[in-house]
Asks: 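Shown below is the structure under consideration.
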Amino acid sequence: MRKILTSEFFDRDAKKIARELLGKYLVRRHHSLIRENKRIMKRGRNDAFMITETEAYDGPRDKASHASRGKTKRNAPMFGLPGRWYVYLCYGTYEMLNIVIGKGGYPAAILIRGAGSHKGPGKLTKALRIDREFNNKIADKKTGLWIEDRGVKIFPKDIIRTPRVGVHYAKEWAGKPYRFLIKNKIQPLVMKGTKAKP
DNA sequence: ACGATGATGAAC
DNA sequence: TTCATCATCGTA
């Protein structure tokens with residue numbers, strides 16, 4: 001089973017999706033030009049990483065969310081269509097990867113904090129070479145970054161819920177258990193170089 | 001425990 | 001235009 005998740009999947013409750021994304025695969029397509037028999041050939045490679053940690057940012061009232069102070073140039077993708085990427089720079093250094101959730105006009109997104117063996121949202125994007133070029137792009141093969149269901153089931157006993165990281169300022173929203181992570185490492189976490197057509 | 005780092009949004 | 005803040009990370 002290998003199914004690319006589309007806007008229908010992401011047009012549902014943010015917390016529910018954040019939990020369901022555990023065990024799904026973040027797939028990154030890399031292109032490279034190679035020289036072969038005096039010809040320039042385009043080579044593609046898909047690297048897939050099982051998502052291990054997520055955080056939900058749900059609605060305009062969520063004080064931990066960028067959307068809590070209304071629509072701005074930066075957070076506009078959160079107010080847009082589900083199934084697109086929201087990528088922004090954090091602390092001047094790290095690119096944060098989010099998938100947009102919910103209908104247009106309702107601002108929500110899920111931060112992908114861990115996938116494969118990569119722990120931490122900043123390290124993940126650096127390792128996969130993800131930056132703001134992906135901002136507001138559709139999560140599909142054409143974009144080169146998408147999410148797949150590969151049939152892995154994560155059971156409730158293997159899931160931990162905690163408050164979100166680094167949102168102490170968010171008052172009553174700071175303690176809400178909107179962070180989901182897999183308790184024990186479950187194989188396979190990484191699938192490198194899966195076959196891809198040019 | 002803290003500094004690097006620079007974009008962001010609000011205040012002025 | 002200035003200023004405080006920040007969905008992080010590596011070093012200590």
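Residue numbers begin at 1 in each chain, while the letters A, B, ... track the order of the sequences.
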Asks: When you get a sec, tell me which of B:dA10, C:dA7, C:dT8 is the closest nucleotide to the side chain of A:Arg69?
Replies: B:dA10
Asks: With side chains defined as the heavy atoms from C-beta onward, is the minimum distance between A:Phe10 and A:Ile17 less than 4.5 Å?
Replies: yes
Asks: So A:Thr93, base contact, sugar-phosphate only, or nothing? Heavy-atom distance under 4.0 Å.
Replies: base
Asks: Where the side chain of A:Thr72 is defined as all heavy atoms beyond and including C-beta, which of C:dA7, C:dC9, B:dG9 is the nearest nucleotide?
Replies: B:dG9
Asks: Any donor-acceptor pair, under 3.5 Å, between the side chain of A:Tyr88 and the base of C:dA7, if you only look at N and O atoms?
Replies: yes
Asks: Within the 4.0 Å heavy-atom criterion, would you say A:Arg164 contacts the bases, only the backbone, or no part of the nucleic acid?
Replies: nothing
Asks: For A:Arg74 and B:dA10, give me the distance from atom CZ to atom C1', rounded to whole Å.
Replies: 13 Å
Asks: For A:Leu89 versus A:Glu95, what's the shortest heavy-atom pair and its separation?
Replies: CD1-OE2, 3.6 Å
Asks: If you assign each of A:Gly120 and A:His168 to its closest nucleotide in DNA chain C, which residue comes earlier from the 5' end?
Replies: A:His168
Asks: Output the pairing pattern of DNA chain C as a dot-bracket string, 5' first, Watson-Crick or G-U wobble with both distances under 3.5 Å, | for cross-strand pairs, [ ] for crossing pairs.
Replies: ||||||.||||.
Asks: What's the shortest heavy-atom distance between A:His118 and A:Ala127, and which atoms?
Replies: CE1-CB, 3.4 Å
Asks: Rounded to the nearest angstrom, tell me the gap between atom NE2 in A:His66 and atom P in B:dA10.
Replies: 12 Å
Asks: To the nearest 0.5 Å, tell me how far A:Ile101 CD1 sits from A:Leu21 CG.
Replies: 6.5 Å
Asks: Grab the CE-C1' distance between A:Met96 and B:dT5 for me, whole Å please.
Replies: 13 Å
Asks: Could you tell me whether the side chains of A:Arg179 and A:Thr162 share a donor-acceptor contact shorter than 3.5 Å?
Replies: yes
Asks: Please report the distance, rounded to the nearest Å, between NZ in A:Lys126 and C1' in C:dA7.
Replies: 19 Å
Asks: Can you identify which nucleotide, out of B:dA7, B:dG9, C:dT8, has its nearest atom closest to the A:Arg113 side chain?
Replies: C:dT8
Asks: Ring of A:Tyr91 versus six-membered ring of C:dT8: centres under 5.5 Å and planes under 30°?
Replies: yes
Asks: Within this structure, what is the NZ-to-P distance between A:Lys71 and B:dT8, rounded to whole angstrom?
Replies: 16 Å
Asks: Which whole-number value in Å describes the distance from A:Asn135 CG to C:dA7 P?
Replies: 16 Å
Asks: Which atom pair, heavy atoms only, marks the closest approach of A:Tyr106 to A:Pro60?
Replies: CE1-CD, 4.0 Å
Asks: Identify whether any heavy atom of A:Arg132 sits under 4.0 Å from a base atom; if not, whether one sits that close to sugar-phosphate; answer base, sugar-phosphate or nothing.
Replies: sugar-phosphate
Asks: Find out whether the Lys NZ or Arg CZ of A:Arg164 is both under 6.0 angstrom from the six-membered ring centre of A:Tyr57 and within 45° of the ring's axis.
Replies: yes
Asks: Compute both the distance and the angle, then confirm whether A:Arg12 meets the cation-pi test with A:Phe9: under 6.0 Å from the six-membered ring centre, within 45 degrees of the axis.
Replies: yes
Asks: Let me know the distance between NZ of A:Lys119 and C1' of C:dT8, rounded to the nearest Å.
Replies: 16 Å
Asks: Can you tell me how far C1' of B:dG9 sits from OH of A:Tyr169, to the nearest Å?
Replies: 13 Å
Asks: Compare the aromatic ring of A:Tyr57 with the six-membered base ring of C:dA7 and state whether they stack according to the 5.5 Å and 30° rule.
Replies: yes
Asks: Give one of base, sugar-phosphate or nothing for A:Leu89, where a contact means two heavy atoms less than 4.0 Å apart.
Replies: sugar-phosphate
